[in-house]
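What follows is a single structure, written as structure tokens, with notes after it.
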Amino acid sequence: MIDLAFHPGLVLIAGAGVIALLRGPARSAVVIALPVLGLFLLWRLPEGAALTLPWLGQELLPVASDRLSRLFATVFLIAALGGGLYALTQPSRLEIPAAYVYAGSALGVTLAGDLVTLFVFWELMALASSLVIWSAASRAAYAAGLRYLMVHLLGGMLLFAGITGHIAETGDSALAAMTLDTASQWLMLAGFLVNAAAPPLSAWLPDAYPESSFSGMVFLSAFTTKAAVYVLMRAFPGTELLVWVGLFMVFYGTLYALLQHDLRRVLAYGIVNQVGFMLVGVGIGTEIALNGVAAHAFVHVLYKGLLVMSAGAVLQASGARSLADAAVALRRMPLTAACLLLAALTMGSFPLTAGFISKAMISQAAAEEHNLAVWLLLGVGTVGVLIIMWLLISVAAGRAFLSAGIALPGAASAAPDEPRPAARLDPAWNMGLAMGLFALLCLLPGVWPQALYGMLPYTVDYRAYTGPHVVAQMQLLLFSGLAFYWLGRMLRPVPVLLDFDWLWRASWWRLGQAGSRSRGGAFSAWRKHAHDWTRRAEKAIDLRRGPHGAFLRTRSTRTMALAVMLMLMGYLVLYYAPW
Amino acid sequence: MMKQPQALSSLQGRLLALCLLGLALLAGLLTDMHPHFDVESFPAFHAALGLAAAVLLIGGVALLGRVLGRRRDYYDRHD
């Protein structure tokens with residue numbers, strides 16, 4: 001029997017409150033000590049449910065640990081430690097406490113044994129992560145954070161409807177594998193997929209993450225999507241739909257990443273792409289596939305963290321956001337460039353990095369199922385990741401291939417023979433230390449696969465370092481590099497790229513504008529009509545629900561008390577009425 | 001050499017890259033690839049896949065950029 005006070009997630013959440021009150025070295029010490037304490041508590045947890053709480057006739061299991069949840073919880077705590085260390089010099093005093101609540105609730109999700117506990121931590125995760133975005137304190141971050149929160153609250157509603165429906169139908173609140181045969185299970189799946197950045201609600205991720213502060217994105221890139229992958233592994237393993245959703249995300253993420261000129265937006269679309277690979281593995285659902293997903297999620301948190309830390313160091317030191325500007329800044333940041341290079345190679349599954357031993361298990365699972373189509377599409381998707389890798393390597397080498405396509409004022413184009421300036425811009429000690437830690441962790445499983453394989457949910461009889469695997473991966477790496485060298489200049493970033501979020505960000509008034517511009521013809525008459533209609537709808541909404549609209553007007557206490565009394569009386573009449 | 005930090009700018013760089021590409025192909029010929037599918041037994045399958053898929057994807061990206069790309073102020077409302 002174990003007490004809730006020993007829940008690693010709750011320790012982090014409570015600790016966040018302490019961090020908010022402290023300053024100076026004491027604050028730094030607590031920031032570093034909390035995730036270490038969390039790791040200690042996590043690995044002390046016994047296998048299975050450690051605690052049951054009766055609640056409204058349900059048995060809640062807030063602390064249930066097994067190999068799978070321990071693996072995800074471990075990498076979340078490592079991410080919190082690295083992120084906390086990295087963010088020590090972050091001037092915003094809100095960010096680390098918010099991020100620790102965020103990390104703690106992600107831990108709560110991975111340790112939840114029932115759907116009610118899961119939902120509580122799920123919503124807390126959405127709120128805390130919005131605070132992490134807002135702590136960047138810019139207008140763009142505020143707007144993107146609002147859009148982010150809206151999508152997550154919608155996802156939370158879907159999940160809530162699904163969970164309550166499921167409990168009502170089955171009377172069982174346990175988090176177990178489901179088969180998608182009731183509407184409530186579909187609703188739950190939809191709620192989970194929102195957090196996994198699956199289409200159509202995927203734009204929140206690349207929209208909001210790059211607007212966070214230089215350190216905020218380190219936290220954001222670790223928790224939400226991977227917690228969703230974890231829950232999908234629990235609830236929907238072997239659901240074929242996820243294979244196709246995942247493959248869509250693989251290609252969507254690649255194509256959209258290669259059209260961005262903001263370095264951190266490239267990385268954000270890269271998350272969607274990699275989560276796609278994980279969903280394919282969840283959809284295949286065999287033991288080797290799920291092992292592959294778990295291993296890939298673990299490694300992904302590490303190298304994506306290192307990529308985002310490197311990009312954040314560039315942003316903080318030079319303010320550079322675009323690939324071309326970052327490439328110029330990186331010439332003066334050799335350590336950061338080395339970290340970016342290593343993380344990019346890990347992403348590209350280069351032998352001796354952690355990427356080589358993890359992601360290939362998902363392809364292997366497709367091969368063992370003799371699913372040629374999925375296997376080939378995963379292969380093409382892997383090549384897409386390699387193109388992103390070559391792009392990042394060219395940035396790390398101080399030379400963005402893309403500079404030709406960028407005609408922004410102020411974007412210093414990467415002139416090849418500009419002399420290296422003397423002043424170094426490499427980041428502060430704490431950021432360097434965090435990056436060094438993650439760099440080490442990107443290499444360790446690559447040279448010692450058993451360190452990671454020993455933690456996976458099922459026994460591993462997969463060998464990564466075989467002749468065919470090394471040769472195949474090197475051929476993919478080198479020949480995609482050849483294509484990138486030839487055709488890299490065709491990759492022209494565009495400032496704004498339409499996505500599903502067009503539907504709620506612009507469709508209504510864009511339609512109207514198109515109508516107001518058009519002249520003559522039957523089609524333009526229709527567009528004129530559409531314009532008038534959107535205008536009228538907009539006015540009607542503003543009249544009723546605007547800041548001074550009928551529904552939001554401030555009323556006197558007297559009127560409100562009367563309204564409540566009438567409502568209660570109406571209820572009484574209805575309740576006791578004879579029918 | 002120091003003036004041009006990019007990887008493949010010099011003749012040596014190109015030669016080195018060609019050597020690596022050749023080595024990868026040669027290694028593929030010499031290794032028993034344990035194919036899961038028939039297509040995989042074609043020698044240099046992964047090299048061909050890497051090249052063809054990369055060309056296809058970069059072409060796809062260029063096309064997508066033309067179709068879905070918009071101006072910077074697209075989401076700013078002016079009316």
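Below, chains carry the letters A, B, ... as their sequence lines are ordered, and counting in each starts from 1.
Here the side chains of Y485(A) and R14(B) are in contact, with some heavy-atom distance below 4.5 Å. V380(A) has its side chain out of reach of L56(B): every pair of non-hydrogen atoms, C-beta onward, lies at least 4.5 Å apart. Under the 4.5 Å side-chain criterion, counting only non-hydrogen atoms from C-beta, L57(B) is in contact with F251(A). Between I58(B) and W486(A) there is no side-chain heavy-atom pair separated by less than 4.5 Å. For the pair L68(B)/W502(A), no side-chain contact is recorded, criterion being any heavy-atom separation below 4.5 Å from C-beta on. Under the 4.5 Å side-chain criterion, counting only non-hydrogen atoms from C-beta, F37(B) is not in contact with L376(A).
The aromatic rings of H46(B) and W375(A) sit perpendicular, their planes meeting at an angle over 60°, well past the 30° parallel limit.
For V39(B), the part sitting under 4.5 Å from any heavy atom of chain A is the side chain, from C-beta outward, and nothing else. For a residue to count as touching a neighbouring chain, one of its non-hydrogen atoms must lie under 4.5 Å from one of that chain's; by this rule L497(A) touches chain B with backbone and side chain alike. Residue L25(B) touches chain A through both its backbone and its side chain, counting heavy-atom pairs closer than 4.5 Å.
In this structure T254(A) satisfies the side-chain hydrogen bond (donor to acceptor under 3.5 Å, both in side chains) test together with N273(A), sequence neighbours excluded. For the side-chain hydrogen bond (donor to acceptor under 3.5 Å, both in side chains) test, no residue two or more places apart in sequence or in another chain qualifies with Q473(A).
Atom CG of residue L477(A) and atom CG of residue L20(B) lie 11.0 Å apart, to the nearest 0.5 angstrom. The CG atom of L372(A) lies 9.5 Å from the CD atom of E40(B); values are rounded to the nearest 0.5 Å. For the atom pair CG of L49(B) and CD of Q475(A), the computed distance is 10.0 Å after rounding to the nearest 0.5 Å.
Looking only at heavy-atom pairs under 4.5 Å with chain A, the residue among A27(B), A47(B), A53(B) that has the most is A47(B). Of the listed residues V496(A), D499(A), V494(A), the one with more heavy-atom pairs under 4.5 angstrom with chain B than any other is V496(A). Options G65(B), A48(B), A52(B) differ in how many heavy-atom pairs under 4.5 Å they form with chain A, and the most are formed by G65(B). When G467(A), S480(A), A472(A) are compared by the number of non-hydrogen pairs under 4.5 Å with chain B, A472(A) comes out ahead.
Summarising the local packing, OH of Y142(A) is surrounded by 12 or fewer heavy atoms from other residues, nucleotides or ligands at distances under 6.0 Å.
L478(A) and A24(B) get closest at one heavy-atom pair: CD1-CB, 3.8 Å. Considering every non-hydrogen atom in both G59(B) and M490(A), the closest pair reads CA-CE, 4.2 Å.
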Dump the intermediate steps for side-chain contact (heavy atoms from CB on, under 4.5 Å) on V55(B) and F484(A), then the final yes or no. CA-CA 8 Å; V55(B) 170; F484(A) 181 76; over 6 Å; no
